[in-house]
Amino acid sequence: MVSAFLLLALAGAHPSCTEGTEEVPPLCPANIPAIRAVIVERSGKGDHIEDDERLDCSSFRLSAPEVRRYFRDARRVNPQAADATLDRSPCYVAGRVTFANGQTGKWRIEQYKVGRLTIGKRSLLLYAPDAGEPFIG
Amino acid sequence: MTIDKDGLITSGRITQHIVSTLGKGPLGTVNGIVVHQTGGSTAQSAFSGYVARPYGTHFLIDKDGTIYQTASLLYYTSHVGKLRARCVAEHRCTPVEMKTYAKFNPTLENKLESAKSAPDRYPGNKDSIGIELVGEVKAGTDTYVDVTAEQNASLKWLVSELAMTFHVPMTEVFRHPQLSRKNATEASTATW
Ligand SMILES: [Zn+2]
């Protein structure tokens with residue numbers, strides 16, 4: 001029993017993660033704690049190679065309820081697997097979150113449905129494949 | 001550099017650390033070489049990542065310059081992701097392509113690009129060799145650490161040997177964010 005658990009932990013596998021393909025990384029439960037409040041602080045354009053004039057970050061804005069919905073639907077992804085599969089967008093919205101247990105965190109959500117939630121020293125990379133407008137991809 | 005029947009390189013400069021699950025299928029004609037940074041700070045974390053999830057490259061270069069071969073050159077690996085439109089980046093789209101690509105749609109763009117042949121498109125998983133450099137994103141930032149001098153020396157040697165062996169023009173060696181939509185700082189300090 002113990003060795004089976006150890007093997008699973010070493011492999012980093014999770015029984016509830018999807019298999020993953022060349023276009024979508026394995027998607028795992030994000031287990032984000034219940035949220036008390038979301039604050040949207042800023043939006044902008046990050047340090048990415050630009051997609052010339054076709055890319056207009058001003059069209060990407062999220063309200064607090066949209067951010068809550070994103071966290072509800074998001075799955076956790078591994079950064080290495082994400083690098084091999086998912087598009088990253090320079091357009092982002094960022095802010096803070098307070099959880100029901102009093103903990104706080106920082107988040108940053110990109111237009112191509114990838115997000116990062118940082119709680120203390122723990123950082124989760126997220127992906128919400130079914131997120132609709134204003135997300136794209 | 002010589003490559004044996006199993007796709008492994010015989011060279012005193014390369015340490016074998018093959019993770020067989022990284023190989024996805026037969027590697028076609030090699031049209032390009034793609035340089036990455038791992039996002040982690042040690043070779044060990046990359047190796048464990050490869051075992052847990054089969055996404056990675058043919059080679060891994062540690063911070064001290066040690067080169068590991070991690071996948072056989074008989075197989076392609078999953079490391080590129082969706083392709084950007086090469087004709088947009090190089091300002092040489094046809095009027096029809098210009099019209100198609102005017103409305104920004106990364107998924108459609110990848111689909112249309114994948115149907116083209118290199119070098120009209122960027123190299124993808126099935127026709128490229130991948131090289132990862134161990135390197136994390138600096139804490140609290142969105143910026144990758146600088147590639148070390150030792151890594152760049154090893155990368156220069158490896159790229160030149162692979163380019164010669166597989167007849168890849170040096171113009172077809174790319175940093176990952178050039179051909180796919182990634183954090184622009186990934187491998188930005190890599191030189192070859
Ligand atoms: Zn990469």
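Lettering of chains follows the sequences in order, A, B, ..., and the numbering in each one begins at 1.
When heavy atoms are compared at a cutoff of 4.5 Å, B:A102 approaches chain A solely by way of its backbone atoms N, CA, C and O. Only the backbone of A:T21 comes within less than 4.5 Å of a heavy atom in chain B; its side chain stays farther off. For B:T57, no part lies near chain A; criterion is any non-hydrogen pair under 4.5 Å. Only the side chain of B:N125 comes within contact range of chain A, judged by heavy atoms closer than 4.5 Å. Neither the backbone nor the side chain of A:P79 comes within contact range of chain B, judged by heavy atoms closer than 4.5 Å.
In terms of hydrophobic clustering, with Ile, Leu, Val, Met, Phe, Trp and Tyr side chains grouped at heavy-atom distances under 4.5 Å, B:V30 and B:I131 are assigned to a common cluster. Under the 4.5 Å side-chain heavy-atom criterion for ILVMFWY residues, a single connected hydrophobic cluster contains both B:M170 and B:I129. Both A:I35 and A:V40 sit in one connected hydrophobic cluster of ILVMFWY residues. Membership requires side-chain heavy atoms under 4.5 Å apart, directly or through other members. Both B:I9 and B:V173 belong to a common hydrophobic cluster when Ile, Leu, Val, Met, Phe, Trp and Tyr are linked at side-chain heavy-atom distances under 4.5 angstrom. Following chains of ILVMFWY side-chain contacts shorter than 4.5 Å, one cannot reach A:V24 starting from A:F135, and the two form parts of different hydrophobic clusters.
Across B:T107 and A:G137, no two heavy atoms sit closer than the pair OG1-C, 3.5 Å. For the residue pair A:A84 and B:S78, the shortest heavy atom distance occurs at CB-O, 3.5 Å.
Salt bridge status for A:R108 with B:D142: present, with a side-chain N to carboxylate O gap under 4.0 Å.
Counting non-hydrogen atoms of other residues, nucleotides and ligands closer than 6.0 Å to CZ of B:R92 gives a total above 12. Annotation: A:K106, atom NZ; neighbour count of heavy atoms from other residues, nucleotides and ligands within 6.0 Å does not exceed 12. Within a 6.0 Å radius of CE in B:M1, other residues, nucleotides and ligands contribute more than 12 heavy atoms. Under a cut-off of 6.0 angstrom, the local environment of CZ in A:R61 is crowded, with over 12 non-hydrogen atoms contributed by other residues, nucleotides or ligands. Residue B:Y75 qualifies as open at atom OH: its count of foreign heavy atoms under 6.0 Å is 12 or below.
Using a 4.5 Å cut-off on side-chain heavy atoms (C-beta onward), B:N110 and A:E23 make contact. The side-chain heavy atoms of B:R53 and A:E19, taken from C-beta on, include no pair separated by under 4.5 Å. Residues A:T85 and B:K82 fail the side-chain proximity criterion, which asks for heavy atoms closer than 4.5 Å.
When atom types are taken as modelled, the side chain of B:K182 and the backbone of A:S89 share no donor-acceptor pair closer than 3.5 angstrom.
Listed in order of number, the residues of residues 150-158 of chain B that approach chain A to under 4.5 Å between heavy atoms amount to none.
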Inset, instruction - Using the side chain to side chain contact (heavy atoms under 4.5 Å, CB included) rule, take B:Y55 and A:D83 through it: C-alpha gap first, then chi angles, then the decisive distance, then the call. - result: CA-CA 9 Å; B:Y55 296 88; A:D83 181 64; over 6 Å; no

Inset, instruction - For B:N183 and A:R88, run side-chain hydrogen bond (donor to acceptor under 3.5 Å, both in side chains): C-alpha distance rounded to whole Å, both residues' side-chain angles, the deciding distance at 0.1 Å, then the answer. - result: CA-CA 7 Å; B:N183 178 331; A:R88 303 299 299 268; over 6 Å; no

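Rounding to the nearest 0.5 angstrom, the gap separating the CZ atom in B:R181 from the CD atom in A:Q111 is 11.0 Å.
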